[in-house]
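One structure is given below, encoded as structure tokens.
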Amino acid sequence: MYDNYPSFVLVGHPNKGKSSIVSTLAYDDSVEVSDIPGETKKTKYHPLKVGDKILYKIYDTPGFENAKRALSWLEKNETTSREHSKILKRFVEENKKSSEFKEEIELLNPIVDGGAIIYVVDGSTPYKEEYEAEMRILSWSGNPSMAIINKIGNKDYTNGWKNALNQHFKIVREFNPMNAKLDEKLKLLDAFSAMNQDWESSIDYAKEALIHNNDKMFYNTAKMIEENIRKSITYTVTSSLIKTDITDKDKINYEEQYKKDLIRFEKNNQKNVQTIWGHNRLDSSMEKFKFSDELFSGDFSKDGLIKKSFIIVSSVASASLAGATGFAFSAPTSFLDFGATTTLTTTLSTVGGAVVGFTTSAIGYNKFINSTTIGKIFSKKRFQVGPMKNYNFIFILSARAIQHAVAISTRSHAKRDNMNLNTNENSAENLFDDTEKKELAKISVNFRKDKNIKKSTEKYIEIIMKKIKII
Amino acid sequence: MFNKPKVQLNEYLKLKYLLNDKSIEKKISVENIKAYWKHNNSTDIDKLLQYSEQNKQYVNMDKIDSLEKKVFLSLITIMSLMFIIGLSMGFSLLSHDDTSRVNVTSFFFIMIIIPFLFSTVSFFYSIKSKTNLSKWIEENIFMPISKILLNSSTIMPNDVVKSIVFVKFQQGSLALLTGTILALFMTLLAKYVIFGWESTIIDTSSLQSFINFISFPWIFCCPNAVPSLEVIQDSHYYLSSNIIDLEALKSNTALSDSWWKFLGMSLIIYGFIPRFILLYLSNKIYHNALVDNILNDKNANEILLLIDNISHVTTTELVNEEHKTKEDNNSIFETNKKTIPHSLDYIIGWSHTKEILELILKHKNITASHIEIAGGNVPIDKEDALIASIEGSIMIFVDSWEPPQKDFINFVSSILKNKDNSISIYPIGMADDNYKPESKNISIWKNKISTINSSNIGIYNV
């Protein structure tokens, strides 16, 4: 049924965004896209496949370099207009080894094999007569054709282009690969299928495949975020067996290690999300996770008032902790010697690993990092940081992951600049509605206690999907 | 979205048949793939059910229908049998004559407590992990029963058969209870039943405590259904050596009222409600057993893999090449930066009309001995003639936003073959920008010109 798939060959002047369009339609940032003209030297195709079945192929080609002389060759060999396609084929055959028409041969090859012509122009530069030669060469093939106006710059010469292109192409569409959403890509495919009725079923199928693929990418993204959240919540750093009480310096070191690992998990997760969306080359960065008192105070799942009151208490306390980057955590007491694992909430502030002070449970009733001494074998014990007990953690980490996922899923594959995300972790509190907040708090506990994992995972994925699927 | 899929016996059997019949070629047509996309977030079982639906033409429905019929017939048989047992036991336990009363304790223990315990124990047995005892029970009790009931084929493994049998037990138990309650209702409707009790080890106050304990769920909402101490005392002694004074007993209606209500409530609270719960749970276990059995099937995993491969959408081929970081080309090439010469021999407008070129020259206040146009629509022979005739210092006006192509490079290279010629390229911007070119475009021109590798060509430093 889909054996005769269509091929679409993007052709045009150099540096008019052909590769950008291909990159966007193929969800592939490995397509060489460059400001420098003539970067595409060889014709490459990108198939849309379902299993092994190809639904269509999109060809990225080098731009015309010597169109006027190529046209002159064709005109010299012209017999009747009926023979145009044959002469074009002859041109390709006879000039295969010619360096003069290297680019023309590359781009005409898939066209003489029957590929539909997609002529790409830049709508932000004015139309000039030199393009006529290119359009006339293409018309010699007799293949179905259309034109795409891609506005690369800020200026608008679209109308001038439309007037010129309408003389040569029945279908002229505007398309900006830099901000095209799925809907616009599907509309472009509709225009592709309008070139030839026989391609309709294949393109309709391709559209459904793209929609499915898009949904799947969102689902896989949410799943990836869920995996990282669960891993981060349950993660612990445990010391080797120690005989005496752990020193404050070591405690801090273990906590630093814990934080570093969580940051590393997040970074890896972001990389995986980028891979899901085909942004394999993207160099992205996000402001580092701030393990600050403010973020981990109060309870995002309830109301912000608790948080405000915490900040007041916290600021009074931290006034005495000059220059410190304090955070609340639980520390073991002397009861440990009797095998009990009672915890006393403290606030530690670190400057060069020094313990600055202890405060009462008023500050740290919402524990940030659960650090405690566990177990006792032959009067030796272990010190453990984690698992994360703070409710806000799931909100903050999820909000960051959502921000990153949205940026990635909406990013054009034609973009080649780096992506730097500034975060506002406080926004985590307002990102979720009341029901979601309650659910997240419950999920956080379930993850930590390894309870109802399947149900919690499904619920979490559902919440994340709702937040990231904005396109 | 995330509801666990429920597999019906019919679907299960079809799927098992498809998975295990080696004569059926496992393939999925392209037309059917879309159906799998609809289950994007669903579990694997949805995909397998979809596969089964799409390949139902290969299933021998006669076999499946016959097995289903057996399951259905066994259900009807068990339920009818149990209903009849419940009905007849109910009638016999509720029968009395002039010399006897209905023994409340016998009825209560035989028709309520024992079935309740039996159902509960069998339910817990069904979910408990395998022990030697359970294995023995399975082999010696359930399997023979299942063989009789289902004539179980190889398609259904023991786990599934066991769970079917347990569901049947719970359904049968419910049928027994229905028979009992119907017997109670019919007896109460047709006769005046006189209840009594007797026991060797239980005295009146102990029985009252026990009844109060049993009646706790309805003691506040339905106090009439809790026999009082007085009623318990009055109904003591099941048998009487003398003829019962029926008239006297009938006048004391509270005696019968509170006992039948008590038995009715007991049947509902300890009979129907737990039975329904157990039936619901057994059903769940049964459906889960069907799902688990399918998912653990080796062939099912093969099909799932096939589905995933065949329905996987790829938008591009994977490119495994190392991506080179682009260097800033501006720093690679050193291009001569020209200033406008005092006297120009030729001014050429590349891909311009003569009118536009003259306008630009007027705007820039530049002039030369010869003003020509090339590129664009200028015929090739005219261009070639220009190349042959041109000599001296030449300035070529180009549109900066249009990157230089091979035809331009060939054109200037041909001019430079005459070593006395020198060329200045003057990139101009768009009229909207007052002809001022963008630096990005100048760089592109510089880089391209540098590939000619000649000191006689350069870009005018705009």
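Below, chain A is the first sequence line, B the second, and so on; all start at residue 1. All values below were derived from every heavy atom in this structure, side-chain atoms included, with hydrogens, water molecules and symmetry-related copies excluded.
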In this structure, is the centre-to-centre distance between the rings of A:Tyr45 and A:Tyr59 below 6.0 Å?
yes
Top residue by heavy-atom pair count (under 4.5 Å) with chain B, among A:Lys155, A:Lys455, A:Lys128?
A:Lys128
Do you know which of B:His352, B:His312, B:Glu383 has the most heavy-atom pairs with chain A at a distance under 4.5 angstrom?
B:His312
Using non-hydrogen atoms and a 4.5 Å limit, figure out which bit of A:Tyr131 sits close to chain B: side chain, backbone, both or neither.
side chain
Answer with side chain, backbone, both or neither: which region of B:Ser311 has an atom nearer than 4.5 Å to a non-hydrogen atom of chain A?
backbone
Against the six-membered ring of A:Tyr27, is A:Lys185 placed for a cation-pi contact (under 6.0 Å from the centre, within 45° of the normal)?
yes
Using non-hydrogen atoms and a 4.5 Å limit, figure out which bit of B:Asn410 sits close to chain A: side chain, backbone, both or neither.
side chain
Check whether any side-chain heavy atom of A:Arg411 sits under 4.5 Å from a side-chain heavy atom of A:Leu282, and report yes or no.
yes
Tell me whether the centres of the aromatic rings in A:Trp73 and A:Phe101 are closer together than 6.0 Å.
no
Below 4.5 Å from any heavy atom of chain B, which atoms of A:Glu75 appear? Answer side chain, backbone, both or neither.
neither
Quick one: do A:Lys466 and A:Glu462 make a salt bridge, cutoff under 4.0 Å?
no
For the residue pair B:Trp350 and B:Phe411, does the interplanar ring angle fall in the parallel (under 30°), tilted (30 to 60°) or perpendicular (over 60°) class?
tilted
Which bit of B:Asn441 is near chain A, if near means a heavy-atom gap under 4.5 Å: side chain, backbone, both or neither?
neither
Among A:Lys57, A:Glu100, A:Lys223, which residue has the highest count of heavy-atom pairs closer than 4.5 Å to chain B?
A:Glu100
Tell me which of these, B:Asp308, B:Asn309, B:Asn377, B:Asp432, has more heavy-atom pairs under 4.5 Å with chain A than the rest.
B:Asn377
Side-chain touch A:Phe8/A:Leu188, heavy atoms, less than 4.5 angstrom
no
Assert top hit (heavy-atom pairs under 4.5 Å, partner chain B, pool A:Pro126, A:Gly278, A:Ala133, A:Ala206) equals A:Pro126
